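Just below is one structure, and these are the notes that go with it.
Please read all numbers here as calculations on a predicted model, not as lab measurements. All values below come from the heavy atoms of this structure, side chains included, with hydrogens, waters and symmetry mates left out.
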Number of protein chains: 2
Amino acid sequence: MDKIALDIANQCLAGQIKIVSRVVIGIYDRELRSSGLKITQASILVHLLAYGSRSGGALGRSLQMDKSTVSRNIDRMERHGWVNKTDEENVEITEAGRELILSARPQWEKAQKIVCNMFGSDGVDAVKLLTDKVKNRNKRK
Amino acid sequence: MDKIALDIANQCLAGQIKIVSRVVIGIYDRELRSSGLKITQASILVHLLAYGSRSGGALGRSLQMDKSTVSRNIDRMERHGWVNKTDEENVEITEAGRELILSARPQWEKAQKIVCNMFGSDGVDAVKLLTDKVKNRNKRK
DNA sequence: GTCTCCGTGTTGTATATGCAACATATAAGC
DNA sequence: GCTTATATGTTGCATATACAACACGGAGAC
């Protein structure tokens, strides 16, 4: 029983975020399982729906993913037939991808509801706050 | 440009948490890189320091990891010589593991400082709030 | 005693993730 | 022109992650 170690365990922001992340992502992935999607791929499809075709680099910047991670996620999704790489270094959603993500909406809603209940309105606000802090981290100074 | 998709992209709690997680974990992992640790393994070592030898199941419950994930993380760490599996289904930290995690403290402090600066005190509070919500999610009713 | 349930751990399979190194291509400097 | 910087994408490597299926051992139920 090391008291200092206990302090570190309780204060480490990365450790806390990992725990929160594992639980929340688990809830979404379990709900989405019947659709064949995981939350990462669902996020990419939603992004392509929202913003249209984009380069892998742009996707990575929006989702804070390394370019290699984007590259391999797109590969997997192309194998499933949900996206295509177009001529001009862009990724576009296919009709199958569009139908899939639209059909998965109820499952997404359910997961969102479960987590909203767990977090409460102050918890949801906290997530938003952290997201904003992360996205604006290089804007000051 | 689909307006509804844009709403979903901006509201999805899992998507937001993934983004926050990627950024924060990236900061810690980069700082810890010189020590040879990643934040997951550092968390396990700190837990073993704080609470002493524990079963994989107990570690998984504390860190919200699947038992198979714990199992394979422990395997990796045993290969590195940082932990041992004892007779009685417990995992114990080795002397090498203890020295490693103690020596990595400055790097952890630096990462913690960077993220604290990024988040501000309200952001740090937000992380704590979410962690508490997650840990107490089954306690009500 | 036997059977069932539960806690524990391992293994197969698949996805997710990032760094380093590499290969291109385009743009800017000079 | 050439060079340098910047953006793009891929691949090797290692770790992190979870579900399903399996195996094992103990604790009760009867």
Q | Separation of atom NZ in K85(A) from atom C1' in dT8(D), rounded to whole Å | A | 12 Å
(Q) Between P on dT10(D) and CG on L59(A), what's the gap in Å once rounded to a whole number? (A) 12 Å
**Q.** Whether S43(A) side chain and G15(B) backbone form a donor-acceptor pair below 3.5 Å
**A.** no
Q | Main-chain N/O of F119(A) paired with K133(B) side-chain donor or acceptor, under 3.5 Å | A | yes
Exercise answer: donor-acceptor pairs, residues 16-28 of chain A side-chain atoms, under 3.5 Å, sequence neighbours excluded:
from   : atom 1 : to      : atom 2 : distance (Å)
Q16(A) : OE1    : T131(B) : OG1    : 3.1
Q16(A) : NE2    : N10(A)  : O      : 3.2
Q16(A) : NE2    : Q11(A)  : O      : 3.4
K18(A) : NZ     : T40(B)  : OG1    : 3.2
R22(A) : NH1    : L63(B)  : O      : 2.6
Y28(A) : OH     : Q112(A) : OE1    : 2.4

Q.
In this structure, would V124(A) and M118(A) fall into the same cluster of hydrophobic residues linked by side-chain contacts under 4.5 Å?
A. yes
Q) Taking only residues at least two apart or on different chains, which pairs with a member in residues 95-105 of chain A satisfy side-chain hydrogen bond (donor to acceptor under 3.5 Å, both in side chains)? A) R105(A)-E109(A)
Q) When every nucleotide of nucleotides 11-23 of chain D is labelled 5' to 3' by its protein contacts under 4.0 Å (heavy atoms), B for base, S for sugar-phosphate only, - for none, what sequence of letters results? A) BBB-SBBBB----
Q) Pairs in or reaching into residues 75-99 of chain B: which pass ring pair (Phe, Tyr, Trp, His ring centres under 6.0 Å), with residues at least two apart or in two chains? A) H80(B)-W82(B)
**Q.** Pair listing, salt bridge (Lys or Arg N to Asp or Glu O under 4.0 Å) test, anchored in residues 42-69 of chain B, at least two apart
**A.** none
Q. Using a heavy-atom cut-off of 4.0 Å to chain A, what are the terminal contacting nucleotides of DNA chain C, in 5' to 3' order?
A. dT15(C) to dC19(C)
Q: Look up atom CG in L49(B) and atom CD1 in I44(B), then write down how far apart they are to the nearest 0.5 Å.
A: 12.5 Å
